[in-house]
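Residue numbers begin at 1 in each chain, while the letters A, B, ... track the order of the sequences.
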Amino acid sequence: MMDSVLPDTSTNAIASSTPTSHPHSQPSLPQTLLVPKPEPFWDTHIETSDELDLYSEFNRVTELFHFAFGATNVVDPFGATNVACPEQTPLVPVPQELDSAAQPDPNSPSEDVLRAIVPVPPEQQDGAVATATVPRRKQSRQKELVRVMDLSPRDEAHLRETVRRTRLIYDSLRVLTSVEEEKRVASVAAAAVAAAAAVTTLEGCLPVDGSTGKLRRLRGDLRAASLMRERGLWLNRDKRIVGAIPGIMVGDLFLFRMELCVVGLHGQIQAGIDFLPASMSSTGEPIATSVIVSGGYEDDMDDGEVIVYTGHGGQEKNSSRQISHQKLESGNLALERSMHYGVEVRVIRGMKYEGSAAGSGKVYVYDGVYRIVDCWFDVGRSGFGVYKFKLWRIEGQAKMGSAILKEARNVRRSELDLNPTSADMANRKENVAVRLFNDFDDDRGPLCYEYLVRTCFPKFVFHQSGKATGCDCVDGCGDGCFCAMKNGGEFPYTLQGHLVRGKPLIFECGPFCSCPPHCRNRVAQKGLKYRLEVFRSKQTSWGVRSLDLIQAGSFICEFAGVVLTREQAQLLTMNDIPGLCASIVSVNPPLDISLDVSTMRNVACYMSHSSTPNVWVQFVLHDHNNLMFPHLMLFAMENIPPMRELSLDYGVADEWTGKLSICN
DNA sequence: GCTATCTCAACTAC
DNA sequence: CGTAGTTGAGATAG
């Protein structure tokens, strides 16, 4: 289980949040136990109010994307496409001799390529207005085999955004489902206790474990996928793409197998070989498109660039034991035919990795395309015959994601032996060392600043709000507690400490609360937990990356500086001290403050700018109650693989809420 | 079209 | 902490 950021779409965030979230204006709510809902959450085809809530969340993400990624070329998840047109056809049927009739229509190349990525509902194709709330029928995979080539940079960027958005929606729905399930299970359990004497039977309407009688939670990964499938939000459904999937980069990281299906990287939910079945192929032969290498077969060999992949079949049900000979059929035959026609396959590696969200501890990494160079029948360790395929990685691709993951793991382990203070920018002030890494030149600049762990506010900030308010919880905070109410009746974080969705302002528990430090409503205040590294990058001078895998929704660090009042900031700006102005991050009205990072700073100000950032700015209060002076907390917008550069979009932050911008 | 079968998931309980 | 059992959903095949 874990989470994602569903940023709020309110443009005047602080102002709009004030009436409902300020402690003093909060209507008094009964502090009694929540009344459990009698109706099941997901077990009906009729949309319950909970489901509707979920859909509105989902809509909210869409709006965010319209907002954040430019209004012009955004596709509405409900089907209202408005897409860019590439100049030339990037779609080529493959292999030519297999399907020569499938030449793309030269008159509509753009629709063709984009429809391969973004499903277009039939009603829209007819020119009718798409009905936003009616789920479409599930769309099956199609048979046309294509390769996407020569995308213009503009299309590539657009399709990358489509993938990013799809993944954000997936992760959001996944987390919302698990949060809802968590609540439902808790409330039903409470109801069961309350109704123990009354012997109210709940059988038949709730998933209950047959053997133990305990409540089962629905799986968020599956639920998110099926919600999206019902609405035609899976990508690459109406073309079988051979080779790279547009918008997916080598090294992209997935935390659930189901997510691979949603983006179209691999269409099989469990099977390792994905292929166009013989019955759908123009030549009557199956063609493989992707494989997952998870080490599930005892005869696999994996050296990274070269893989010996075992075909499927012959295993005992629900076990990995070979109990019979494999046959050259379905996926096995597809790999053999792909070799024959020289069709490359995508390779996704599944590996156990620290920081995985799944109970299995696995992550999935896209490692690029491979060519099948050999195929033979062999006797495996079990004594039964297996098919083996030798795969070579095609040259000229970005470094393998799985290799980067392993390297990062090695660096982390070797770090333990090193003196942690040697190049710790933070001078042991953070929970973990912040490394400085520069193999480009001798610049050690970041070491020259005084390290500021958290933002310094003027003293009056702590006094102005008058009587401090907090919760009275003796143990961890629970539903309905005062601090939950301040956050609109729910906690902003999951039990695992991930942001559920972006909000205008988050109220964490603070010194005026009686709850203990392990309370679920204390996350960002606990500071850094990932091993960040400030490194020299040729393109952007300095950058920040992490040695650890960062899950979407995780807190990364504060954007720390010294807060100046508007008067102070203006004074400094008017005096025009060279170099100073560029290092002031101003938070304009309604916040009306500026952050000075010219003399004291933390790791955050080395993050580079991107219009497609992977880090999100979230306002958080924890050590005082002054709404005008929130902490700027940075959370991961997506799953960030180790060693990938972190980036922020200061411009978007400026638009969506706090008017965060750099003056220069 | 329907159903049965297959599957390098994911979770929970032991 | 491993593993065995359970549930699960999509695609394929008949």
Looking at [X], does any N or O in its side chain come under 4.0 Å of the phosphate oxygens OP1/OP2 on [N]?
| X | N | value |
| --- | --- | --- |
| A:S360 | B:dC8 | no |
| A:K362 | B:dA10 | no |
| A:R223 | B:dA10 | no |
| A:Y364 | B:dA10 | yes |

A:R644: what forms a side-chain contact (heavy atoms from CB on, under 4.5 Å) with it, not counting sequence neighbours?
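A:R644 satisfies side-chain contact (heavy atoms from CB on, under 4.5 Å) with A:R160, A:M249, A:D252, A:I640, A:P641 only.
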Checking the side chain of A:E181 only, and the main-chain atoms of A:G220 only, is there a donor and an acceptor separated by less than 3.5 Å?
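Answer holds: no.
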Donor-acceptor pair, A:R349 side chain versus A:G304 backbone, under 3.5 Å?
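The answer is yes, because a donor-acceptor pair under 3.5 Å joins these two groups.
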To the nearest Å, how far apart are [X] [atom1] and [N] [atom2]?
| X | N | atom1 | atom2 | result |
| --- | --- | --- | --- | --- |
| A:K143 | C:dA13 | NZ | C1' | 17 Å |
| A:E329 | B:dT5 | CD | P | 15 Å |
| A:D274 | B:dC6 | CG | P | 19 Å |
| A:E181 | B:dC11 | CD | P | 13 Å |
| A:H312 | B:dA9 | NE2 | C1' | 16 Å |
| A:L276 | C:dG10 | CG | C1' | 16 Å |
| A:I273 | B:dT7 | CD1 | C1' | 11 Å |
| A:R321 | C:dG5 | CZ | P | 12 Å |

Assign [X] to base, sugar-phosphate, or nothing according to its heavy-atom contacts below 4.0 angstrom with the strands shown.
| X | answer |
| --- | --- |
| A:R257 | sugar-phosphate |
| A:Y309 | base |
| A:D300 | base |

Under a 4.0 Å N-O cut-off, is there an ion pair linking A:K399 with A:E407?
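Counted as a salt bridge, because a side-chain N and a carboxylate O are separated by less than 4.0 Å.
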Look at A:R412 together with A:E354 and state whether they make a salt bridge at an N to O cut-off of under 4.0 Å.
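Yes, this pair counts.
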Counting Watson-Crick and G-U wobble pairs only, both distances under 3.5 Å, name the nucleotide matched with C:dA11, or none.
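Pairing partner: B:dT5.
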Does any residue of residues 259-271 of chain A have a heavy atom under 4.0 Å from DNA chain C, and if so, which ones, in number order?
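Residues of residues 259-271 of chain A under 4.0 Å from DNA chain C: A:G267, A:Q268, A:I269, A:Q270.
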Could you verify whether a donor N or O on one side chain and an acceptor N or O on the other, from A:S402 and A:D367, lie under 3.5 Å apart?
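A donor-acceptor contact under 3.5 Å links the two side chains.
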Under a plain distance cut-off of 3.5 Å, with no hydrogens placed, do A:Y387 and A:E336 share a side-chain donor-acceptor pair?
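No pair is found: no donor N or O on one side chain lies under 3.5 Å from an acceptor on the other.
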Is A:R167 close to A:F254 at the side-chain level, that is, under 4.5 Å between some pair of heavy atoms?
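Yes. Closest side-chain heavy atoms under 4.5 Å.
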If you assign each of A:R141 and A:L222 to its closest nucleotide in DNA chain C, which residue comes earlier from the 5' end?
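Result of the comparison: A:L222.
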Heavy atom of residues 366-390 of chain A under 4.0 Å from DNA chain B: which residues?
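DNA chain B contact set from residues 366-390 of chain A: none.
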Taking the side chain of A:R240 as its heavy atoms from C-beta onward, which of C:dT12, C:dG10, B:dC8 lies nearest to it?
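Ranking C:dT12, C:dG10, B:dC8 by closest atom to the A:R240 side chain puts C:dT12 first.
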Counting only side-chain heavy atoms from C-beta out, which of C:dA13, B:dC8, C:dG10 sits nearest to A:R229?
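Side chain of A:R229 sits closest to C:dG10.
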Parallel, tilted or perpendicular: which one describes the rings of A:Y493 and A:F635, with boundaries at 30° and 60°?
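If you compare the ring of A:Y493 with that of A:F635, the planes turn out parallel.
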Identify whether NZ of Lys or CZ of Arg in A:R371 sits under 6.0 Å from the centre of the six-membered ring of A:W392 and within 45° of that ring's axis.
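Relative to the ring axis of A:W392, which defines the angle, A:R371 lies outside at least one limit.
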